[in-house]
Structures are given as C-alpha cells and as structure tokens.
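First listed ligand is number 1; within each ligand, the first listed atom is number 1.
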Amino acid sequence: MTTGTDKIATARALMLARLEQTLDARLPGLPHFADPRTGEWTTTPDGDWTGGHFVGQLWLAASQDERFLNAAREYSARLDGREDSPTVFRGFLFHYGALLGGRLLGDDGAWKRAIRGAKGLMTAYNPASGIVPLGTAAEEAHSVGDTETSIDAVGAVVSLLATVADRIGDPAMAEAAVSHALRHIEICVRPDGSVCQSGTVDAGTGAVVRRYSHKGYSAESTWARAQAWAMLAFTMAAHRLPGRPVLLDAAIVVADWWIAKIPDDLVAYWDFDDPAIPGTLRDTSSTAIAAAALLKLAGLVPDSEAYRLFAQRTVHALVDGYVRPVPVLPTSIGVLGHGCYNKLIGLATDHELVWGDYYLTEALSVLAGELDPLAV
Ligand code: GLY
C-alpha cells in the first residue's frame with residue numbers, strides 16, 4: 001500500500017528528474033510551457049513572465065542539494081536587465097528568480113538582483129492610484145498600460161517589495177507594498193469572496209473605472225487562476241505585512257470560496273463558470289497555486305489543520321490524476337499535465353506549465369517537511 005509520505009516522495013523524485021532533464025537539454029532560453037506528449041519546451045529568450053518560476057524550482061532544489069546551486073545562479077543571472085522591463089510581472093521574475101535565492105540560501109548575487117528588481121518595480125509605482133499597474137510590456141493579451149491591473153502578480157510584487165524594503169530600509173517601498181495589496185482587495189475581491197481578475201483605474205485618482213478579465217470566461221465569471229492568485233496574494237501579503245488584519249481576512253475569504261466551490265475531485269476547471277463544465281479544460285496550475293497558498297495560510301491562522309489537510313488532499317489529487325510520464329522520456333520523469341495557459345486565444349491549453357511545476361514542487365517540499373511555506 002502506498003502511504004501519503006511515499007506518494008509525496010515519489011512525486012518529488014519524478015519532478016526533480018524532469019528538472020534535471022530540462023537542465024541537461026541546455027535550452028536556449030527559459031522554459032515557458034511544454035507539450036505533454038513530447039516534453040518539448042517552448043522557451044522565452046528573457047523569461048517573459050514565467051521564467052522566474054523555473055529559477056525558483058532551481059533555488060528550491062539547491063536548498064536541498066548543492067549540485068543545483070550553479071544552475072540556480074546561472075539561470076537567475078539570465079534575468080539581468082529585466083528589472084527595467086515596463087511590466088508588473090517583473091514581480092514574478094525577481095521574487096522567484098532572485099529573492100528565493102537570497103532568502104533560502106543567503107546568496108549575495110541573488111539578493112542584489114532582488115533589490116534591483118524591487119527598485120525597478122518602484123519606478124512604475126503610481127502613488128496617486130496606489131498600485132504598480134500592468135505596464136506597457138505586460139504579457140496579457142489585451143488592455144495593458146498604466147491604467148490596467150490584475151490580481152495575478154500581487155503576491156510576488158508585495159512580497160518582493162516588502163522584503164527588500166525591510167532589507168534596505170526603504171519606507172516608501174514598504175508603503176507601496178501595503179497600498180498595492182490593499183487596493184487589490186478593493187479592485188478584485190467580490191462581496192461573495194470570488195475574484196475578478198482585472199481592473200481599469202483612473203491613473204490620476206485611482207478610482208476603479210471597470211472590472212473585467214484578461215483570461216477568464218467573462219467579466220462576471222471566476223477564472224480559476226484569478227482565485228488562486230488572490231489566495232496566494234493575500235496570504236503572502238498578510239505574512240509580509242503583519243498587523244493588518246484586513247489582509248488575513250481577505251486571504252481567508254478567497255480561500256474559503258475556493259474550498260466551497262472546487263469540484264469534488266479537487267482540481268479546478270479553467271474557469272469556475274464555464275457553462276461547458278464538465279466537458280471543458282482543467283487548469284492544474286491554478287490548483288497547484290491554490291495548494292501552495294493554503295499551506296501558507298495554515299501557517300498564519302489559529303485553526304490551521306483544516307487548511308493544511310485540504311492542501312494535502314489537493315496535492316494528492318494532482319499527483320494521482322495529473323502527474324504523468326512523458327511517452328518519449330524515461331519513466332523516472334513525471335510532469336504535471338493539463339495546465340491551461342490561455343483558453344481564449346488557444347495558447348497552451350492542455351500543457352505542462354512552468355509555473356504549475358513550481359507551485360506543485362513548492363507544495364510537495366512543504367509536505368515533505370523540507371520547506372517552511374512562509375519562507376518563499
Ligand atoms: N498573467 C499570469 C497568468 O496568466 O496567470
């Protein structure tokens with residue numbers, strides 16, 4: 001009989017073997033998403049919004065096995081220059097691609113890179129609207145620029161800004177982190193605890209002009225990743241910005257909505273409100289993000305056991321149903337399939353997604369007892 005511990009250990013080994021095989025392939029850029037039949041990665045030259053998650057997997061691996069340290073440093077350095085990209089998704093790149101190396105391994109180069117990333121983000125912070133807007137180079141398919149925002153990178157942005165602000169003693173950066181977090185409760189969280197991905201704000205006053213979704217079924221629907229990103233965002237914000245109960249309240253409200261609405265098998269469809277459910281696509285990456293967020297939440301609330309158990313059951317559901325070998329690769333390798341990047345434009349709708357790999361790896365490391373969920 002396979003125990004829960006065996007299941008976690010086996011899944012970690014399969015995913016670590018995938019990480020090693022990807023490194024051995026000496027890809028020209030950073031992994032983005034992969035074809036589950038061939039394992040072949042589509043890469044990006046500069047990390048797009050996703051590459052930091054690959055580097056984050058390397059930092060997690062390096063924190064357990066120093067054989068991965070050189071690769072983590074080398075891939076982290078590939079982000080150099082991105083601190084000047086006009087996109088809020090720098091938050092993902094420099095949180096996972098740099099800050100993790102500083103926090104988990106004390107790597108000096110990684111800390112310096114994280115500080116450059118945070119300072120870059122601050123050049124885009126608009127005190128009038130209280131947010132770092134999407135920016136002109138955000139990867140979203142439409143509606144980008146200085147009046148647009150989304151929930152997606154709020155956790156990474158807030159954590160990066162708050163942590164770097166503490167490290168270098170920058171009160172303006174700390175204040176930006178607080179404002180960015182609080183404003184996204186107002187912009188994105190609906191009264192019932194569901195989450196609307198995106199909003200337009202007046203850049204002069206910060207007034208919310210409209211609410212919509214870049215990647216969801218509709219403005220009124222709940223795109224699975226929006227809900228999951230919000231769970232991560234407010235949990236990370238509550239941890240990094242203590243003494244503000246409204247952040248923890250938001251984290252609990254959006255997490256409880258997920259737990260109440262997720263299908264019985266615990267794996268989300270790409271949008272909770274697609275009328276074609278159950279005949280539509282899953283998004284395992286949203287489910288991996290949600291599991292990682294619930295493990296963090298369990299570290300912040302007094303009644304933590306229910307969240308931790310739900311996260312554990314969620315990870316088991318992903319491992320049992322969606323971590324699979326790739327037909328043309330050795331059976332020692334397993335990948336998290338059935339991630340849906342962007343159904344609206346038909347991009348990588350049933351694939352291995354590099355950020356899904358990261359969050360599942362994070363959750364597995366926590367459940368294996370090797371990672372404090374609040375350290376990352
Ligand atoms: N923009 C981040 C995402 O697609 O989840």
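Each of the atoms 1 (N), 2 (C), 3 (C), 4 (O) of ligand 1 lies under 4.0 Å from some heavy atom of Lys215. Listed by number with element, the atoms of ligand 1 under 4.0 Å from a non-hydrogen atom of Glu139 are 1 (N), 2 (C). Those atoms of ligand 1 with a heavy atom of Arg225 less than 4.0 angstrom away are 3 (C), 4 (O), 5 (O). Less than 4.0 angstrom separates some heavy atom of Asp152 from each of these atoms of ligand 1: 1 (N), 2 (C), 3 (C), 5 (O).
Between His53 and Tyr359, the distance from one ring center to the other falls under 6.0 angstrom. Taking the six-membered ring wherever Trp is involved, the centroid distance between the rings of His32 and Phe54 does not fall below 6.0 Å.
At a heavy-atom distance under 4.0 Å, no atom of His214 approaches ligand 1.
Between Asp283 and Cys340 the shortest heavy-atom distance is OD1-N, 3.0 Å.
Considering backbone and side-chain atoms together, Tyr341 places no N or O closer than 3.5 Å to any N or O of ligand 1. No N or O atom of Trp223 sits closer than 3.5 Å to an N or O atom of ligand 1.
Two residues are said to be in side-chain contact when any heavy atoms from C-beta on lie closer than 4.5 Å; Leu69 and Trp59 meet this criterion.
Evaluated for a side chain to side chain contact (heavy atoms under 4.5 Å, CB included) with Met231, the options Asp256, Ile289, Val254 yield exactly one hit, Val254.
Using a 4.0 angstrom heavy-atom cutoff, Trp355 does not count as in contact with ligand 1. Using a 4.0 angstrom heavy-atom cutoff, Glu140 counts as in contact with ligand 1.
Salt-bridge annotation for Glu20 and Arg67: present, with a side-chain N of the basic residue lying under 4.0 Å from a carboxylate O of the acidic one.
Geometric assessment of Arg90 against the ring of Phe94 yields a negative cation-pi assignment under the 6.0 Å and 45° thresholds.
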